[in-house]
Number of protein chains: 2
Amino acid sequence: MYTNILRGREGTGVAEAEKKISYQRAVMGLRERILTGALAVGDRVSEVALARDLGVSRTPLREAMSELVEQGLLEKMPTGGCMVRSLTRADVEDGIELRGTLEGLACRLAAERGVSGDRLAACDALLDRIDVALGRSAENTDFELYMDLNAQFHHALAQLGGSAVVLRELERVTNMPMAGPSAFLQGQAVIPQTLRSLLVAQDHHRSIVDAIRQREGARAEALAREHARLALRNLNFFLGEGARHSARIPGIALMADVGTRGVG
Amino acid sequence: MYTNILRGREGTGVAEAEKKISYQRAVMGLRERILTGALAVGDRVSEVALARDLGVSRTPLREAMSELVEQGLLEKMPTGGCMVRSLTRADVEDGIELRGTLEGLACRLAAERGVSGDRLAACDALLDRIDVALGRSAENTDFELYMDLNAQFHHALAQLGGSAVVLRELERVTNMPMAGPSAFLQGQAVIPQTLRSLLVAQDHHRSIVDAIRQREGARAEALAREHARLALRNLNFFLGEGARHSARIPGIALMADVGTRGVG
DNA sequence: CTGAGGATGTTTGTATACATTAATTTTCAT
DNA sequence: ATGAAAATTAATGTATACAAACATCCTCAG
């Protein structure tokens, strides 16, 4: 279920995927074409061509396009139709900060409102499994498993807040390109520089759960925010010295500028 | 432009509204029918009947329904189709808290990143106009003008953060029923009990702008959060002793329970 | 009398045809 | 040759027709 951002949650066989309803096929196919760069930034998405390409009619494709506009992968052109959205570095940075803020809100609410022991124990169990995935040394690390468990943990954390509204928004932000908690773990893109951060991240995880258990809302919130900022470091790395590894990061093809923000 | 949540931003004449594209007519019409309670909570929205009623075909109506699902007014049924969403008190409370958190984020970013003097001056000008709208006493208060200016100020505040991503999410939350900053000011529903809070709210406004000007990020964020919680008081009032005035609040028809949340 | 099975009617999901608006090219005048 | 304007082409927005899925109700056996 928490496997890959490109592969949906369909079964193993292709035959089963073919049976999926047209709308979902359109969403997944279009999302893939955008994230892999098959559709270049700024390209106007031609409905007829894409519909033919995806093997669906225009109606479900248009629904899928609306969905991707919501997800921030497309943007509506004032004249009509859509184009592939161009993401600035500031957009991605703000998306990460936004995720940290919302995760912080969820964690604070969890701490303030209280969480049952069962759910906290489930989080602990997930963290134990993450420890196993990390292994004893870098060579033993199971990156794919880590990515999967990390996504599960963040999802569990979002649910701890007990707010369907917050959970919903958090899922939205997680779908934004490169803003999700596993954005820089996709495609086995982990390299020594980012590996170190995994250990820090896991320490954050433990501390956050501890803060929630102790009903320390402010601490839980601050930790969750700081935790999200680890992704900022990864972003900077892949946009700087680690640029040659960046091709594996889904969605990085959407980034236009590499300049930094001015303080206005 | 910031007039009423039911009236769109069309011109004065009805003829001009008729010319609007079907999709927008469908969104506005459906939104009105839901917020006014013409479509009861839990009702399955029949596409053919509504399309005939709204004078559009099913295609733009379905797009409008997807939009309202995004806005949280409808929810997709697992079997297909949509029904009018039932809002719990907790949903509304969390929506308000969420807005406070996001406005707090925008204000903190504004303070940290800095804002040009021009934009701060524009905020000050808006606040001066709000003071005029408030008048010298309760009898002189121009509620409709206050509501309009208040919405403008909150919008300006959201833009001060300088983040298109945050602005976007904030606009989403503002569209959620009863979560926006003017939710309890609609329809001249202001009564003595809520009037008092307007003075406090305006003091918050001034303090927030001051904090941003002084580059005090933490203060700006805390103030913005507390400011949103004024809406919580209004919610409690209209759900309690002020229940007989609540009919004027758009969207309150969506609320099902009146119980309080358990700490679990 | 009750429950399972099937037939029927209604509703959504999809495809396609039509209408309207935007983009492009061509033409003509300056 | 260049610019503007009109005509043409191509795209989107909308309506409708069709198909598949869901719900309902009726029948009939146990």
Side-chain angles (χ1 to χ4, degrees), chain A residues 8-11 15-31 33-34 38-71 73-85, chain B residues 8-11 15-31 33-34 38-71 73-85:
Chain A
R9 45 184 69 175
E10 81 277 9
E16 187 176 348
E18 293 297 332
K19 285 171 56 181
K20 274 205 166 299
I21 63 180
S22 307
Y23 164 71
Q24 294 186 15
R25 277 228 318 268
V27 169
M28 297 196 306
L30 181 50
R31 190 175 166 89
R33 269 154 235 259
I34 294 171
L39 289 170
V41 168
D43 273 1
R44 180 171 192 162
V45 179
S46 170
E47 295 181 2
V48 280
L50 240 182
R52 185 164 31 82
D53 191 15
L54 292 171
V56 300
S57 90
R58 277 182 61 212
T59 308
L61 172 59
R62 280 171 63 87
E63 289 183 36
M65 286 167 66
S66 295
E67 169 67 21
L68 293 208
V69 166
E70 283 298 316
Q71 290 185 10
L73 294 178
L74 294 176
E75 62 183 328
K76 278 194 289 190
M77 297 173 65
T79 166
C82 297
M83 56 182 279
V84 178
R85 184 173 171 203
Chain B
R9 45 183 70 175
E10 81 276 9
E16 187 176 348
E18 292 298 331
K19 285 172 58 180
K20 274 206 165 297
I21 62 181
S22 305
Y23 165 71
Q24 293 186 15
R25 277 226 320 266
V27 169
M28 296 195 307
L30 181 50
R31 192 175 164 90
R33 269 152 234 260
I34 294 171
L39 289 170
V41 168
D43 272 1
R44 180 171 192 160
V45 179
S46 170
E47 295 181 1
V48 279
L50 240 181
R52 184 165 31 83
D53 192 15
L54 292 170
V56 300
S57 88
R58 279 181 59 214
T59 307
L61 172 60
R62 280 171 63 86
E63 289 182 37
M65 286 167 66
S66 295
E67 169 66 21
L68 291 209
V69 167
E70 282 300 316
Q71 291 184 10
L73 293 179
L74 294 176
E75 64 183 328
K76 279 193 290 191
M77 296 173 65
T79 166
C82 298
M83 57 182 276
V84 178
R85 185 174 170 202

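Just so it is clear: chains get the letters A, B, ... in the order the sequence lines come, proteins before strands, and each one is counted from 1.
In this model, the phosphate group of dT16(C) is not approached by any side-chain N or O of Ser57(A) to a distance below 4.0 Å at OP1 or OP2. Look at Thr59(A) and you won't find any side-chain N or O under 4.0 angstrom from OP1 or OP2 of dT14(C).
Backbone-only contact: Thr79(A) has heavy atoms under 4.0 Å from sugar-phosphate atoms and none from a base.
Counting heavy-atom neighbours within 6.0 Å of Arg52(B) CZ, excluding the residue itself, gives a total of 12 or less.
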### Query
Are Arg31(A) and Glu67(A) close enough, and set up right, to give a salt bridge (Lys or Arg N to Asp or Glu O under 4.0 Å), and what steps lead you there?
CA-CA 10 Å; Arg31(A) 190 175 166 89; Glu67(A) 169 67 21; over 6 Å; no
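The backbone N or O of Met77(A) lies less than 3.5 Å from no partner atom in the side chain of Arg44(A), so there is not a single donor-acceptor pair.
If you measure from atom CZ of Arg58(A) to atom P of dC18(C), you get 14 Å, rounded to the nearest angstrom. What separates CD of Glu63(B) from P of dT12(C) is a distance of 16 Å, to the nearest Å. Taking atom CE of Met77(B) as the reference point, atom P of dT12(C) lies 9 Å away to the nearest angstrom. Straight-line distance from the OH atom of Tyr23(A) to the C1' atom of dT12(C): 15 Å, rounded to whole Å. The CZ-C1' distance, from Arg25(B) to dG13(D), rounds to 13 Å in whole Å. Taking atom CG of residue Leu61(B) and atom P of nucleotide dG13(C), one finds them 12 Å apart after rounding to whole Å. Rounded to whole Å, the distance from CZ on Arg62(A) to P on dG13(D) is 5 Å.
The 5' end of DNA chain D is approached more closely, in terms of each residue's nearest nucleotide, by Gly55(B) than by the other of Gly55(B) and Gly80(B). The 5' end of DNA chain C is approached more closely, in terms of each residue's nearest nucleotide, by Gly81(B) than by the other of Gly81(B) and Pro78(A).
With rounding to the nearest 0.5 Å, the separation of CD in Glu63(A) from CE in Met65(A) is 12.0 Å. The distance from atom CG of Asp43(B) to atom SG of Cys82(B), rounded to the nearest 0.5 Å, is 13.0 Å. The distance from the CD atom of Glu47(B) to the OG1 atom of Thr59(B) is 9.5 Å, given to the nearest 0.5 Å.
Contacts between residues 44-53 of chain A and DNA chain D, defined by a heavy-atom separation under 4.0 Å, are made by Arg44(A), Val45(A), Ser46(A), Glu47(A).
With sequence neighbours excluded, the residues that form a salt bridge (Lys or Arg N to Asp or Glu O under 4.0 Å) with Asp53(B) are Arg33(B).
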